[in-house]
Undergrad: 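Mind having a look at this structure? Questions to follow.
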Protein chains: 2
Amino acid sequence: MGRRVTLQTIADHVGVSRMTVSNAFSKPDQLSPSLRRRILAAADDLGYVGPDPAARALARGTTGAVGIVLTSSLRFAFTDLVATSFFGAIAERLAPTGLALTLLTSADSGDVIPARDVALDGALIYSCDPTSAAVDHLTRRRLPLVYVDQEPLATVSTINVADRTGARAAARHLLDLGHRRIGLLMSGMHPPHGLIDPADVTIDGYAARQRLLGWCDALSEAGVTPLVARQPGADPEQPRAAARLLLDRPDRPTAVLCFSDATAHGVLRAAVDLGIDVPRDLSVVGFDDNPLAAQLRPALTTVHQDIEAKGEAAAAALIAAIADARAGVAHVPRHHVLPAELVIRDSAAPPPG
Amino acid sequence: MGRRVTLQTIADHVGVSRMTVSNAFSKPDQLSPSLRRRILAAADDLGYVGPDPAARALARGTTGAVGIVLTSSLRFAFTDLVATSFFGAIAERLAPTGLALTLLTSADSGDVIPARDVALDGALIYSCDPTSAAVDHLTRRRLPLVYVDQEPLATVSTINVADRTGARAAARHLLDLGHRRIGLLMSGMHPPHGLIDPADVTIDGYAARQRLLGWCDALSEAGVTPLVARQPGADPEQPRAAARLLLDRPDRPTAVLCFSDATAHGVLRAAVDLGIDVPRDLSVVGFDDNPLAAQLRPALTTVHQDIEAKGEAAAAALIAAIADARAGVAHVPRHHVLPAELVIRDSAAPPPG
DNA sequence: CTCGGTTTCTGTACCGGTACAGTAGACGCT
DNA sequence: AGCGTCTACTGTACCGGTACAGAAACCGAG
């Protein structure tokens with residue numbers, strides 16, 4: 001088995017310089033069509049697929065891939081329909097530019113740290129701990145970055161949703177319906193869990209905090225003090241258990257505001273368990289307008305965010321940042337805030353009695 | 001703005017050779033701890049993050065990333081809970097090895113073709129057209145590959161599910177319940193759509209064909225000729241429309257076998273639309289045991305496949321193939337077939353009357 | 001026939017690392 | 001002292017491309 005086929009191999013075969021072969025692949029207008037055809041034919045004969053991506057990346061300084069950093073638990077990110085739709089939208093927007101999307105964990109596992117050791121042209125930071133090692137590495141690599149669902153930072157472009165405004169609208173909706181005993185259901189991986197004080201919720205992500213703030217904006221305006229529960233994870237089973245903390249008590253709330261639609265789903269199921277009718281005995285409002293929300297029984301009143309638009313905006317912002325970096329121009333960060341709008345369906349009604 | 005910081009910059013600062021600096025990062029046991037500390041400190045001062053991934057990839061011949069080729073429509077792949085769970089399982093298994101996962105489309109968009117132009121150590125081919133350009137490029141690059149849900153090929157490792165066996169069990173279950181008028185509901189992007197002849201379903205993916213064959217195994221054994229409908233896409237709206245083709249007719253089937261749980265979901269909704277009670281008037285059996293299946297009303301009788309195990313097996317097979325390639329050893333392809341088992345819930349019952 | 005402008009092809013110098021085969025000195029053993 | 005073995009560090013030769021600045025050939029206009 002001979003040596004590997006490189007540009008030089010082909011050059012020798014055809015009797016031209018290595019540079020000409022390179023041009024045949026990368027700059028077709030730099031040589032005559034007939035010679036190009038000969039070169040490509042020879043390349044094909046020799047089983048040459050195209051310029052080696054790694055070598056090209058080194059010489060050109062671009063790799064054709066961008067990263068996306070996810071929360072430490074990939075498993076979680078991939079079971080959440082909201083997150084996966086977002087990834088899909090990004091990938092779709094990226095496809096025509098020829099950029100591939102590389103998934104990075106913020107968990108640093110052993111000696112190889114993808115965020116430091118994988119060649120990339122730029123990266124999206126999606127709902128991450130901004131102090132994590134992965135984010136730090138990417139920043140220090142001076143890669144073009146875009147933050148999504150994170151605290152806005154002056155130096156990078158950010159994409160956010162009007163979480164606080166949307167949450168305020170959700171809370172006001174319940175207040176307008178006449179509710180005064182209102183529960184809030186959060187989710188987050190770290191303690192504290194169970195029934196907590198709203199002021200304790202400082203460790204969650206930026207979006208979660210904004211939503212909590214939005215709810216509290218409206219509630220405190222109306223002089224209502226909520227009952228707050230918090231549970232780990234977000235699959236429907238966890239909230240179902242946590243929802244019991246709110247519902248299985250004499251002075252139970254007449255309405256629950258949920259951090260997400262997945263959480264709300266858990267509340268609906270807990271209500272079924274406890275024989276509580278939604279929306280007659282209990283109102284439930286979600287967040288995200290997950291595709292499932294409209295299909296739940298009752299159809300979920302929730303706060304809509306346009307995931308497609310979010311993915312599109314994130315991809316566009318990253319592409320722009322990369323383009324500026326390639327051109328050697330200083331990139332002017334932009335801060336997008338996408339709207340969040342209350343969608344009234346069937347899961348919220350006036351309180352009983 | 002000065003030149004970029006490289007190993008040489010640091011070497012000059014500390015007064016050692018470039019090679020020693022390289023070792024400080026990549027082979028810590030090759031130099032004294034005290035010198036290593038000095039070098040690392042100097043690197044930190046200079047704002048050096050670590051060896052440039054692109055250069056390292058060229059010199060070492062490994063990139064730290066593996067690809068996964070998806071069906072042409074990324075958007076579709078990312079709204080399917082079965083697919084996303086699979087990706088999650090793969091990513092999770094890959095994380096401890098330090099390999100990142102790069103998403104590749106099989107659609108070749110313009111002049112940049114990720115499958116040809118992105119540096120990778122290996123790739124998974126997931127439920128793709130094996131004749132697509134992307135697969136061809138990866139093959140010709142001689143990358144370690146693993147095929148998932150594809151026609152087994154002697155030269156590469158493959159991961160498959162016992163689709164045919166599982167489908168046969170599903171069909172037999174309906175026959176055992178006494179059904180004789182049975183509909184089949186397939187999905188696939190390409191025509192023909194609508195009511196079709198079973199023999200026409202040759203363009204779908206390998207898994208789809210296996211499932212159809214499995215159903216037909218049991219049905220033809222029992223002398224039953226099914227009514228087959230086929231619709232594009234797989235979001236719940238499409239099957240809902242296609243299901244009407246089967247249900248909205250005088251001699252409508254008493255049972256429907258569905259290509260997937262998503263498809264089955266559409267049938268359940270079509271049944272609601274038409275006032276048909278499941279399972280009293282109509283039995284429905286799905287495939288995959290999507291997490292949603294158990295939560296549908298009625299809970300879906302379906303064929304379970306272990307997505308986690310599939311992701312785990314795929315990742316393990318790829319890692320093994322890459323390890324052999326690195327070692328220069330010929331890789332012996334292995335062909336895994338994971339079990340598929342009928343899970344009986346509430347959506348199938350004896351036919352009416 | 002000459003001259004400027006293309007077109008087409010070539011040579012050289014990188015890109016930023018790593019592999020591998022040294023070399024020099026320290027140490028242990030006889 | 002002589003010799004083998006370590007440890008710690010260095011030098012050189014790649015890895016497989018691309019950028020950029022020429023050089024040779026060609027071509028129409030003056």
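Side chains included, hydrogens not; waters and symmetry mates left out as well; all remaining heavy atoms used. Here is how names work: the chains are called A, B, and so on, in the same order as the sequence lines, proteins then strands, and each is numbered from 1.
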Undergrad: Check every atom of C/dC9, D/dT18, C/dG16 against the side chain of B/Ala59 and return the nucleotide holding the closest atom.
TA: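 Among C/dC9, D/dT18, C/dG16, the one nearest the side chain of B/Ala59 is C/dG16.
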
Undergrad: Measuring from the side chain of B/Arg56 (C-beta onward, heavy atoms only), which nucleotide among C/dG17, C/dC9, C/dT12 has the closest atom?
TA: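 That would be C/dG17.
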
Undergrad: So, does A/Ser32 get its side chain near the phosphate of C/dC9, meaning an N or O under 4.0 Å from OP1 or OP2?
TA: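 Answer yes for this pair, as a side-chain N or O of A/Ser32 is under 4.0 Å from OP1 or OP2.
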
Undergrad: How close or far is atom C1' of D/dT18 from atom CG of B/Asp117, stated in whole angstroms?
TA: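 My rounded result for the distance is 14 Å.
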
Undergrad: Do you know the tightest heavy-atom contact between B/Phe25 and B/Ala43?
TA: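 Result for this residue pair: CZ-CB, 3.7 Å.
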
Undergrad: Among the candidates D/dC15, C/dG17, D/dG17, find the nucleotide nearest to the side-chain atoms of B/Leu58.
TA: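 In terms of side-chain proximity for B/Leu58, the closest of D/dC15, C/dG17, D/dG17 is D/dC15.
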
Undergrad: Is a side-chain donor or acceptor of B/Thr158 paired with a backbone partner of B/His335 at a separation under 3.5 angstrom?
TA: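 No.
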
Undergrad: Report the distance from atom CG of A/Asn23 to atom P of C/dT7, rounded to the nearest whole Å.
TA: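 Whole-Å distance recorded here is 15 Å.
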
Undergrad: Can B/Arg36 and B/Asp29 be counted as an ion pair, charged N to O under 4.0 angstrom?
TA: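 Looking at B/Asp29 together with B/Arg36, the answer is no, because their closest N to O distance does not fall below 4.0 Å.
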
Undergrad: Considering heavy-atom distances to DNA chain D, does B/Gly15 or B/Arg60 have its closest nucleotide positioned more toward the 5' end?
TA: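 Going by which nucleotide is closer to the 5' end, it is B/Gly15.
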
Undergrad: Would you call B/Arg116 and B/Asp111 a salt bridge, taking side-chain N to carboxylate O under 4.0 Å as the test?
TA: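 So B/Arg116 does not pair with B/Asp111 through a salt bridge.
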
Undergrad: What nucleotide among C/dG17, C/dA19, C/dC9 has an atom nearest to a side-chain atom of B/Lys27?
TA: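 Shortest atom-to-atom distance from the side chain points to C/dA19.
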
Undergrad: OP1, OP2 of C/dG16 versus side-chain N and O of B/Tyr48: anything below 4.0 Å?
TA: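 No, outside the criterion.
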
Undergrad: Calculate the interatomic distance between B/Arg141 atom CZ and D/dG17 atom C1'; express it in whole Å.
TA: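 About 14 Å, once rounded to whole Å.
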
Undergrad: Check the phosphate of C/dG16 against B/Thr6, side-chain N and O only, distance under 4.0 Å to OP1 or OP2. Yes or no?
TA: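 So the side-chain polar atoms of B/Thr6 never come under 4.0 Å of the phosphate oxygens OP1 or OP2 of C/dG16.
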
Undergrad: Write down the distance between CZ (A/Arg4) and C1' (D/dG17), rounded to a whole number of angstrom.
TA: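 The distance from CZ of A/Arg4 to C1' of D/dG17 comes to 11 Å, rounded to the nearest Å.
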
Undergrad: Is the shortest side-chain N to carboxylate O distance from B/Lys310 to B/Asp306 below 4.0 Å?
TA: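 Salt bridge: no.
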
Undergrad: Please tell me which of the listed nucleotides, C/dC9, D/dC9, C/dG17, lies nearest to the side chain of B/Leu31?
TA: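 Side chain of B/Leu31 sits closest to D/dC9.
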
Undergrad: Quickly work out the B/Arg36 CZ to D/dT7 P distance and round it to whole Å.
TA: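 Checked: the CZ to P distance equals 17 Å.
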
Undergrad: Taking the side chain of B/Ser26 as heavy atoms from C-beta outward, which of C/dT8, C/dT18, C/dT10 is closest to it?
TA: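 Shortest atom-to-atom distance from the side chain points to C/dT18.
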
Undergrad: Starting at the 5' end of DNA chain C and moving along, which residue's nearest nucleotide shows up first, A/Met19 or A/Pro33?
TA: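 This one resolves to A/Pro33.
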
Undergrad: What is the distance, rounded to the nearest whole Å, between atom CZ of A/Arg326 and atom P of C/dC15?
TA: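 Taking atom P of C/dC15 as the reference, CZ of A/Arg326 is at 19 Å.
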
Undergrad: In whole Å, what is the span from the CZ atom of A/Arg116 to the P atom of C/dG17?
TA: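 After rounding, the reported distance stands at 13 Å.
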
Undergrad: Before we go on, tell me: are the rings of A/Tyr147 and A/Tyr206 under 6.0 Å apart, centre to centre?
TA: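 Between A/Tyr147 and A/Tyr206, the centre distance exceeds or equals 6.0 Å.
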
Undergrad: Answer yes or no: side-chain N or O of A/Arg18 and base N or O of C/dG11 forming a donor-acceptor pair under 3.5 Å.
TA: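 Such a pair does not exist between side chain and base.
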
Undergrad: Between D/dC9, C/dC9, D/dT18, which nucleotide has the shortest distance from any of its atoms to the side chain of A/Ser22?
TA: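 Of the options given, the side chain of A/Ser22 lies nearest D/dT18.
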
Undergrad: Mind calculating the distance between CD (B/Gln30) and P (D/dC6) to the nearest angstrom?
TA: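 Taking atom P of D/dC6 as the reference, CD of B/Gln30 is at 14 Å.
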
Undergrad: Which of the following nucleotides, C/dT18, D/dC9, C/dG11, is nearest to the side chain of B/Thr20?
TA: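 Nearest to the side-chain atoms of B/Thr20, counting from C-beta on, is D/dC9.
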
